[in-house]
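Index from 1, following the sequence. All values below were derived from every heavy atom in this structure, side-chain atoms included, with hydrogens, water molecules and symmetry-related copies excluded.
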Amino acid sequence: MAVSPLSATSVAALSDAALAQYVEGDDFAWTQLYAVHGQTARSFLRRLGVPSESLDDACQEVFLEVFRYLGRFRGESSFKTWLYRLCITQARRFRRRRHVIDTLGRLLSWEPPSYASSKSLDSDRAEQLVEGALNQLNEGERLVFVLYELEGASGSEIASVAACPEATVWRRLHYARKKFTEYVRSCEDQS
């Protein structure tokens, strides 16, 4: 079955026909799916704290999950919301694996593989500040902040992704903005 390139409207919301083509395993459709949503997943994973050297693997894992479970996708949310949820799960898995490696390293008295900080990967000071500020946020605050401020999602979309009431989204966003601003100001004061 031939698939035409995705239009701007189908990028925003995948049609049932396009989803059916993906589920059927159409290679071109899968290539288009990754072309349209791969960078979104990659940047979201990075903003959730997956370091640059692990992004390719994390993104690949997300799209393996898409491949495995797209047939079960019920369409109760947008595809992008579902993709965000898969990214959140993958970022949690990464943090757990990193924690286990670090803990085992301390217990066995060997050095775990080093994880390059954003400072060594990026020379741009603004990006360093953003990464540092995001690292100060707890998981819920970071998720809400990234989705609202960096991804442009609405409060109701975030509530759906985070599986919490919209009022909780706004409360978390308030505290996240406060912590973010305090961190940036403290770094500027040290400069």
Side-chain angles (χ1 to χ4, degrees), residues 11 22 27 30-70 79-153 157-158 161-163 172-173 176-177 179-188 190-191:
V11 168
Y22 301 129
D27 290 339
W30 279 104
T31 301
Q32 289 296 315
L33 177 71
Y34 183 79
V36 169
H37 294 286
Q39 189 56 41
T40 299
R42 188 176 173 80
S43 79
F44 190 58
L45 285 164
R46 186 175 189 312
R47 290 173 177 165
L48 289 176
V50 176
S52 296
E53 68 272 8
S54 301
L55 279 175
D56 289 337
D57 291 338
C59 195
Q60 181 179 5
E61 288 295 323
V62 167
F63 279 91
L64 283 172
E65 295 291 305
V66 169
F67 181 77
R68 283 185 197 124
Y69 299 112
L70 187 59
F79 176 81
K80 193 171 181 180
T81 298
W82 185 62
L83 183 65
Y84 281 150
R85 287 181 184 151
L86 295 176
C87 289
I88 292 165
T89 301
Q90 184 57 36
R92 280 187 190 133
R93 286 181 187 146
F94 172 81
R95 284 191 299 275
R96 276 195 302 259
R97 279 192 301 260
R98 185 169 67 182
H99 177 71
V100 167
I101 289 170
D102 291 346
T103 302
L104 284 174
R106 282 191 307 275
L107 292 173
L108 299 174
S109 300
W110 57 269
E111 286 295 317
S114 65
Y115 298 100
S117 69
S118 62
K119 292 179 182 177
S120 67
L121 296 173
D122 303 312
S123 60
D124 183 27
R125 178 74 175 137
E127 189 167 341
Q128 291 175 8
L129 281 172
V130 169
E131 282 297 315
L134 288 175
N135 288 334
Q136 302 302 307
L137 307 177
N138 68 39
E139 187 175 329
E141 292 167 343
R142 185 176 184 143
L143 173 63
V144 168
F145 187 88
V146 167
L147 284 172
Y148 188 80
E149 298 291 353
L150 304 176
E151 298 292 326
E157 289 172 322
I158 298 168
V161 170
R172 288 179 184 170
L173 183 60
R177 284 176 172 165
K179 287 181 183 177
F180 190 93
T181 303
E182 287 171 359
Y183 177 83
V184 170
R185 284 186 183 146
S186 72
C187 287
E188 288 173 349
Q190 293 173 4
S191 298

Revision key, fill the gap. Heavy-atom closest pair (A153 atom, Y148 atom, distance to 0.1 Å) is O-CD1, 3.4 Å
Practice item. Assess whether side chain to side chain contact (heavy atoms under 4.5 Å, CB included) is satisfied between L33 and F79, documenting all intermediate values. Key: CA-CA 11 Å; L33 177 71; F79 176 81; 3.6 Å; yes
**Study point:** side chain to side chain contact (heavy atoms under 4.5 Å, CB included) evaluation trace for N138 with K179
**Key:** CA-CA 10 Å; N138 68 39; K179 287 181 183 177; 4.3 Å; yes
Point to revise | From CG (L86) to CG (L64), nearest 0.5 Å | key: 11.0 Å
Study note, to complete from the structure: Of all heavy-atom pairs linking C187 and L129, the shortest is CB-CD2, 3.3 Å
Practice item. For Y69, enumerate each residue passing the ring-ring contact (aromatic ring centres under 6.0 Å, His included) test, keeping only those at least two apart in sequence or located in another chain. Key: none
Review point. Will you find, in the side chains of E157 and Y84, an N or O donor that is under 3.5 Å from an N or O acceptor?
Key: no
Study note, to complete from the structure: On a heavy-atom basis, the closest approach of Y183 and Q136 is CD1-CG, 3.5 Å
Study note, to complete from the structure: By side-chain hydrogen bond (donor to acceptor under 3.5 Å, both in side chains), T81 pairs with (sequence neighbours left out) S78
Exercise for review: Working to the nearest 0.5 Å, report the span between NE2 of H37 and CZ of F63.
Suggested key: 7.5 Å
Point to revise | Partner set under side chain to side chain contact (heavy atoms under 4.5 Å, CB included) for E149, not counting sequence neighbours | key: F145, L173, R177
Point to revise | salt bridge (charged side-chain N to carboxylate O under 4.0 Å, His left out) involving R142 - partner list, sequence neighbours excluded | key: none
Review point. What's the verdict on side chain to side chain contact (heavy atoms under 4.5 Å, CB included) for C59 and Q90, showing C-alpha distance, side-chain angles and the deciding distance?
Key: CA-CA 8 Å; C59 195; Q90 184 57 36; over 6 Å; no
Review point. Which heavy atom in R172 sits nearest to a heavy atom in A162, and how many Å separate them?
Key: NH1-CB, 4.3 Å
Review point. Pairs in or reaching into residues 57-66: which pass salt bridge (Lys or Arg N to Asp or Glu O under 4.0 Å), with residues at least two apart or in two chains?
Key: E65-R68
**Study point:** Value rounded to 0.5 Å, distance of CZ in F180 from CZ in R185
**Key:** 12.0 Å
**Study point:** Residues that R42 engages under salt bridge (charged side-chain N to carboxylate O under 4.0 Å, His left out), provided they are two or more places apart
**Key:** D56
Check your understanding: Are R95 and E139 within salt-bridge range, i.e. N to O under 4.0 Å?
Key -> yes
Practice item. Mind listing the closest non-hydrogen atom pair of A91 and L45 along with its distance? Key: N-CD2, 4.2 Å
Exercise for review: Determine the sole option in L137, L143, V144 for which the side chain to side chain contact (heavy atoms under 4.5 Å, CB included) test with E141 is passed.
Suggested key: L137
Practice item. Let me see the working for F44 and L150 under side chain to side chain contact (heavy atoms under 4.5 Å, CB included), right down to the final yes or no. Key: CA-CA 9 Å; F44 190 58; L150 304 176; over 6 Å; no
